[in-house]
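What follows is a set of notes on a single structure, which appears directly below.
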Amino acid sequence: MDPIINLIKARVDIEFSKLVDIRRHFHRHPELSFEEEQTSLMIQKILTESQIEFQTGFCKHGIVGTIKAKNPESRIIALRADMDALPIYEKNECAYKSLKPGVMHACGHDVHMTCLLGALQILKDLKEEWEGTVKFIFQPAEEKLPGGASLMIKEGVLENPVPKVILGQHVQPGMDVGEVGLAPGAFMASCDEIYITVKGKGGHAAQAHLCVDPILVAAHLLVGFQAIISREKPAMLPSVLSFGTIHTDGGATNIIPDEVKLSGTFRSLDESWRAYGHKRIEEVAVSICQAYNASCEVVIQKGYPCLMNDSDYTASFMGLSNSYLGMEHTRMIDPRLTSEDFAYYSHEIPAVFYRLGVGDVPGVHTSRFDIDENAIKTGVGLMAYAAIRI
């Protein structure tokens with residue numbers, strides 16, 4: 001066994017109760033995307049007390065810094081945690097329940113920040129035991145387009161110094177505590193928002209022959225769009241095109257409206273298919289509307305790209321996880337159609353994004369999401385070890 005593993009695990013045990021308190025503080029005081037001022041100040045306070053150097057002001061509330069060990073120029077690794085919460089009313093009755101009605105850390109970013117802070121403390125304490133530089137990124141606004149990652153990259157977060165690889169983690173409900181999961185290649189989907197306005201000619205529902213019914217046209221659009229997925233998508237490529245809203249302004253049972261608005265999401269694990277899908281969504285919408293004497297406006301708001309795990313570094317990470325956790329606790333898992341703005345980093349430099357088991361708990365983005373806090377031990381220790389050895 002690598003002797004530094006026992007040193008890391010011992011430090012995790014020493015820091016654990018403090019880390020639980022930190023996580024609970026973040027959970028009590030969630031802040032929405034681009035509003036993470038107090039969260040940032042709390043992180044700055046902890047870093048300052050630990051005598052870890054950092055800079056602020058990235059994407060408003062982001063924080064970037066480095067920890068240098070022996071031979072600091074020999075290798076540069078980046079670690080990232082996201083900071084923002086979600087607009088959800090928490091229904092848990094725990095002692096650390098959110099104090100902000102309608103705002104909740106329902107996606108585990110409180111855990112991500114805590115794990116990174118814990119890893120940084122260990123890296124600093126053991127800096128005579130490893131070589132290189134660890135760059136750390138506390139990133140705002142993962143949950144809201146255009147994504148804090150894209151903005152921080154534009155502000156130079158991956159420069160001076162340039163990391164050879166960046167690591168990130170995400171909580172995984174339904175995976176046992178002490179386990180992690182990942183896979184090489186396309187690991188999470190691109191995510192685009194689709195907005196369509198179907199324009200017809202309204203009138204009395206009893207005189208439909210005098211109207212151009214946009215509701216009927218919208219129904220044909222929904223069916224036509226699904227043919228893109230069922231008939232044009234490559235057979236083994238995961239992708240989805242789903243619509244979540246359809247509405248008109250006002251209306252009644254006996255009124256055909258002038259227009260109907262639809263909104264949905266298009267997700268893919270392949271950037272070429274993504275571009276093709278954008279083209280076909282617009283073509284299908286225009287052609288169906290023309291067939292029914294209607295017209296339409298199609299707006300495709302491009303969101304996060306596919307998250308790509310570097311194959312070589314993913315293999316290396318899995319070997320390190322096997323050493324730290326044991327082979328039975330490192331899992332290959334399927335890619336998923338959820339999205340993450342960590343993807344932007346993965347299109348700039350090699351990246352590894354992995355899932356951290358937090359127990360049999362309600363899913364993320366729900367009002368009762370929580371974790372088994374023992375997962376923090378795994379998240380902190382493995383991140384620190386991977387940063388030292390990858």
Considering only residues two or more places apart or on different chains, which pairs with a residue in residues 296-313 satisfy side chain to side chain donor-acceptor pair (under 3.5 Å)?
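Residue pairs with at least one partner in residues 296-313: Lys199-Glu297.
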
Backbone of [Y] reached by a side-chain donor or acceptor of [X] within 3.5 Å:
X: Glu155; Y: Cys59; answer: yes
X: Ser321; Y: Met318; answer: no
X: Lys261; Y: His247; answer: no
X: Glu142; Y: Asp341; answer: yes
X: Glu193; Y: Ser263; answer: no
X: Arg267; Y: Leu337; answer: yes
X: Glu131; Y: Ser74; answer: no
X: Thr133; Y: Pro72; answer: yes
X: Thr197; Y: Cys296; answer: no
X: His112; Y: Val171; answer: yes

Hey, what do you get for [atom1] ([X]) to [atom2] ([Y]), rounding to the nearest 0.5 Å?
X: Leu116; Y: Asp82; atom1: CG; atom2: CG; value: 10.0 Å
X: Asp21; Y: Phe16; atom1: CG; atom2: CZ; value: 10.0 Å
X: Arg11; Y: Asp13; atom1: CZ; atom2: CG; value: 10.5 Å
X: Ile77; Y: Ile388; atom1: CD1; atom2: CD1; value: 11.0 Å
X: Met308; Y: Met188; atom1: CE; atom2: CE; value: 13.5 Å
X: His105; Y: Thr114; atom1: NE2; atom2: OG1; value: 8.5 Å

Would you say [X] and [Y] make side-chain contact, with heavy atoms under 4.5 Å?
X: Pro173; Y: Pro362; value: no
X: Met42; Y: His29; value: no
X: Asp2; Y: Ser323; value: no
X: Met104; Y: Asn92; value: yes

Using the rule given for side-chain contact (heavy atoms from CB on, under 4.5 Å), can you reason through Arg23 versus Asp110, listing the C-alpha separation, both sets of side-chain angles and the distance that settles it, and then say yes or no?
CA-CA 6 Å; Arg23 183 257 166 168; Asp110 52 341; 3.0 Å; yes

Looking at the rings of Tyr292 and His220, which for Trp means the six-membered one, are their centres under 6.0 Å apart?
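Yes, they do, as the ring centres are separated by less than 6.0 Å.
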
Would you please indicate yes or no on a ring centroid separation below 6.0 angstrom for Phe54 and Phe138?
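For Phe138 and Phe54, the ring centres are not under 6.0 Å apart.
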
Using a cut-off of 6.0 Å, state whether more than 12 heavy atoms not belonging to Glu49 lie near its atom CD.
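Yes, CD of Glu49 has more than 12 neighbouring heavy atoms, counting only those of other groups under 6.0 Å.
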
Evaluate whether atom NZ of Lys9 has more than 12 neighbouring non-hydrogen atoms of other residues, nucleotides or ligands under 6.0 angstrom away.
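More than 12 heavy atoms, drawn from other residues, nucleotides or ligands, come within 6.0 Å of this atom.
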
Where do [X] and [Y] come nearest, in terms of heavy atoms and distance?
X: Leu145; Y: Gly303; result: CD2-CA, 3.6 Å
X: Leu86; Y: Cys107; result: CD1-CB, 3.9 Å
X: Pro140; Y: Gly62; result: CG-N, 3.4 Å
X: Phe187; Y: Leu269; result: C-CD2, 4.3 Å
X: Val260; Y: Ala218; result: CG1-CB, 4.0 Å
X: Ser295; Y: Cys289; result: O-SG, 3.9 Å

Going hydrophobic residue to hydrophobic residue with side-chain gaps under 4.5 angstrom, can you get from [X] over to [Y]?
X: Val212; Y: Ile196; result: no
X: Phe369; Y: Val177; result: no
X: Val299; Y: Ile194; result: no
X: Phe26; Y: Ile52; result: yes
X: Leu325; Y: Leu182; result: yes

Just one of His27, Lys100, Lys97 clears the side-chain hydrogen bond (donor to acceptor under 3.5 Å, both in side chains) bar with Glu90, so which one?
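In the set His27, Lys100, Lys97, the residue that makes a side-chain hydrogen bond (donor to acceptor under 3.5 Å, both in side chains) with Glu90 is His27.
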
Can you sort out the partners of Ser150 under side-chain hydrogen bond (donor to acceptor under 3.5 Å, both in side chains), two or more places apart, ordered by chain and number?
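Ser150 satisfies side-chain hydrogen bond (donor to acceptor under 3.5 Å, both in side chains) with no residue once adjacent residues are dropped.
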
With sequence neighbours excluded, what pairs up with Tyr324 under the side-chain hydrogen bond (donor to acceptor under 3.5 Å, both in side chains) test?
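If we apply the side-chain hydrogen bond (donor to acceptor under 3.5 Å, both in side chains) test to Tyr324, skipping adjacent residues, there are no hits.
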
Please lay out, stage by stage, how Leu222 and Gln226 fare under the test side-chain contact (heavy atoms from CB on, under 4.5 Å).
CA-CA 7 Å; Leu222 294 175; Gln226 293 313 305; over 6 Å; no

Taking the basic N atoms (NZ, or NE/NH1/NH2) and the acidic carboxylate oxygens, is any pair closer than 4.0 Å for Asp370 and Arg368?
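Result for this pair is no, no salt bridge flagged.
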
Ion pair present between Glu340 and Arg80, side-chain N to carboxylate O less than 4.0 angstrom?
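Looking at Glu340 and Arg80, the cut-off is met.
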
Given the rule in the salt bridge (Lys or Arg N to Asp or Glu O under 4.0 Å) test, do Asp270 and Lys233 qualify, once you have shown the distances and angles that lead to the verdict?
CA-CA 11 Å; Asp270 181 88; Lys233 178 184 70 66; over 6 Å; no

Under 3.5 Å side-chain donor-acceptor pair for [X] and [Y]:
X: Lys135; Y: Thr66; answer: no
X: Arg336; Y: Gln172; answer: yes
X: Gln121; Y: Ser50; answer: yes

Audit row: Arg274, Asp192, salt bridge (Lys or Arg N to Asp or Glu O under 4.0 Å) steps and yes/no:
CA-CA 9 Å; Arg274 180 191 190 191; Asp192 303 312; 2.6 Å; yes

Side-chain heavy atoms under 4.5 Å apart, restricted to Ile/Leu/Val/Met/Phe/Trp/Tyr: what other residues fall into the cluster of Val103, or is it alone?
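Its cluster partners, ordered by chain and number, are Leu32.
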
Could you give me the CA-CA distance, side-chain angles and deciding distance for Lys60 and Glu31, then say whether salt bridge (Lys or Arg N to Asp or Glu O under 4.0 Å) is met?
CA-CA 13 Å; Lys60 292 180 67 175; Glu31 294 177 297; over 6 Å; no

Identify, with sequence neighbours excluded, every residue that meets side-chain contact (heavy atoms from CB on, under 4.5 Å) alongside Arg28.
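With neighbours one apart ignored, the set is Arg24, Tyr96, Leu99.
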
For Ile4 and Arg389, what are the C-alpha separation, side-chain angles and deciding distance, and is it a side-chain contact (heavy atoms from CB on, under 4.5 Å)?
CA-CA 10 Å; Ile4 204 169; Arg389 292 291 188 245; 3.7 Å; yes

Stepwise, does the side-chain contact (heavy atoms from CB on, under 4.5 Å) test hold for Ser190 with Cys306?
CA-CA 4 Å; Ser190 60; Cys306 300; 4.1 Å; yes

Going by the rule ring pair (Phe, Tyr, Trp, His ring centres under 6.0 Å), which residues pair with Tyr276 if we only count those two or more places apart in sequence or in a different chain?
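Tyr276: ring pair (Phe, Tyr, Trp, His ring centres under 6.0 Å) contacts with Trp273.
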
